[in-house]
Amino acid sequence: MLKMGLIGLGRMGKYHLNLYDSMRDIHLKALCDVDEKTLLNASHGNDVFATTDYTELLDKVDMVTVAAPTSYHFKIVKDCLKAGKHVLVEKPITTNLQEAEELFNIAAKKNLVLHIGHVERFNGAVQELKKIVRNPFLIESRRVGPYDERVKNDSIILDLMIHDIDIILNIVGKDVINVEAKGSKVYSNLPDFASVNLIFENNAVANIIVSRITQKKDRTLSISQEDTFVFLDYTNQDINIYRKGSSQHIFGERELRYKNEYITERLFVYKDNPLMLEIRHFVDCVKGNVLRMIPVEHELRSLKLALKVDDIISKKEGRCEVHA
Ligand SMILES: NC(=O)c1ccc[n+]([C@@H]2O[C@H](COP(=O)([O-])OP(=O)(O)OC[C@H]3O[C@@H](n4cnc5c(N)ncnc54)[C@H](O)[C@@H]3O)[C@@H](O)[C@H]2O)c1
């Protein structure tokens, strides 16, 4: 049985922790959080070693999940890899490409599995996309929701949009040749919403909107391709496919009416817990049972593009007027 350690027991760490008990081939051996109270609250009995210093758990485990704040990822992941541990680190792996590359180089040299927690890849609806999407022309993505003070110091691009960038890059499978981006501050000192336009080498276009100032949560992806329009809802893990669309203006005596007809197909999506599937995939890779879903050479494409978007926005960001 593989021995697991978990570093960082905040919001994301607790989701990981809650899933280990149901996984038969993992033995949770050690927990770490710098905050003693948090550590105590997450206590898992005498069998599980608990510490406020992650270096103390390294000799007790085979693999580690790192769910500490992003600014600590580089140091923690590097120490874990140097100690010969496989690592699943929450996204974003780092806020800097050179550091992320260094971590993957260490993992490669030591023959260790290093995964980034891009949990949306394991959303049942996203898994189905691979079977449906062929040569998309236009992609529209929305990931919006209400403001949360907790994330006011995080880049909305590295925190939210990186999910969309990751999925879109994987479904288009071509290089991006042009990026336009605009973001504005509303409540925090960083952009609270952003709009990004990507053009790919095959002329496919992606428009991505992220916002943490929108009262209604909405996480959707639409894809227009030849003969089909695909609409995906991340939250419900739902996909609808629209085919044979036609539209018509009907001129009556008193009014002008518009008719849009199409055939809709609601896809059956197997809905499992995406985080559970992500951990499962990591463990299966550690065991050597499966190949990683995204090859290492493609793993940092989304971070690279997200950093570029962040950079473009920071050079021309504005502030929206908030009226009291
Ligand atoms: N995959 C996703 O969809 C998703 C969603 C939310 C957050 N995240 C990522 O998860 C990570 C954690 O985010 P969160 O929202 O859980 O943060 P959080 O602030 O709720 O929790 C972080 C925890 O780490 C602890 N910590 C801080 N420094 C530490 C250290 N050196 N060693 C051990 N523990 C330490 C803190 O005490 C805290 O309990 C971030 O990288 C974030 O981007 C990913």
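Whatever order the structure lists them in is the order used to number ligands and atoms, beginning at 1.
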Please list, in number order, the atoms of ligand 1 under 4.0 Å from a heavy atom of [X].
{"X": "G8", "value": "24 (O), 34 (N)"}
{"X": "V119", "value": "1 (N), 3 (O)"}
{"X": "V34", "value": "26 (N), 27 (C), 28 (N), 29 (C), 30 (C), 31 (N), 32 (N), 33 (C), 34 (N), 35 (C), 37 (O)"}
{"X": "P92", "value": "43 (O)"}
{"X": "G117", "value": "1 (N)"}
{"X": "Y72", "value": "28 (N)"}
{"X": "T70", "value": "40 (C), 41 (O), 43 (O)"}

[X], [atom1]: over 12 other non-hydrogen atoms inside 6.0 angstrom:
{"X": "L291", "atom1": "CG", "answer": "no"}
{"X": "Y72", "atom1": "OH", "answer": "no"}
{"X": "K82", "atom1": "NZ", "answer": "no"}
{"X": "Y15", "atom1": "OH", "answer": "no"}
{"X": "N111", "atom1": "CG", "answer": "no"}
{"X": "E36", "atom1": "CD", "answer": "no"}
{"X": "E226", "atom1": "CD", "answer": "no"}

- [ ] Determine, for R266 against D238, whether the closest basic-nitrogen to carboxylate-oxygen distance falls under 4.0 angstrom.
- [x] yes
Which residue holds the protein heavy atom closest to [atom], what is that atom called, and what is the gap in Å?
{"atom": "atom 5 (C) of ligand 1", "value": "M12 SD, 3.4 Å"}
{"atom": "atom 6 (C) of ligand 1", "value": "R11 NH2, 3.5 Å"}
{"atom": "atom 2 (C) of ligand 1", "value": "E90 OE1, 3.8 Å"}
{"atom": "atom 21 (O) of ligand 1", "value": "G10 CA, 3.1 Å"}
{"atom": "atom 11 (C) of ligand 1", "value": "A68 O, 3.5 Å"}

Pick, from [options], the option with the minimum heavy-atom distance to [atom].
{"atom": "atom 37 (O) of ligand 1", "options": "D33, I76, D35", "answer": "D33"}
{"atom": "atom 27 (C) of ligand 1", "options": "A67, A42, P69, C32", "answer": "P69"}
{"atom": "atom 9 (C) of ligand 1", "options": "R150, E278, H163, K91", "answer": "K91"}

Task: ligand 1 contact on I7 by region, counting heavy-atom pairs under 4.0 Å - done: side chain
TODO: Tell me, please: is H73 in heavy-atom contact with ligand 1, that is, under 4.0 Å?
DONE: yes
For [Y], does its backbone N or O pair with a side-chain atom of [X] as donor and acceptor, under 3.5 Å?
{"X": "N123", "Y": "Y234", "result": "yes"}
{"X": "N170", "Y": "D166", "result": "yes"}
{"X": "K60", "Y": "K29", "result": "no"}

Task: Cluster check V179, L169: I/L/V/M/F/W/Y, side chain < 4.5 angstrom - done: yes
- [ ] Report yes if some N/O of Y54 lies less than 3.5 Å from some N/O of ligand 1; otherwise report no.
- [x] no
Task: Within-cut-off N or O pair, T38 and ligand 1, under 3.5 Å - done: no
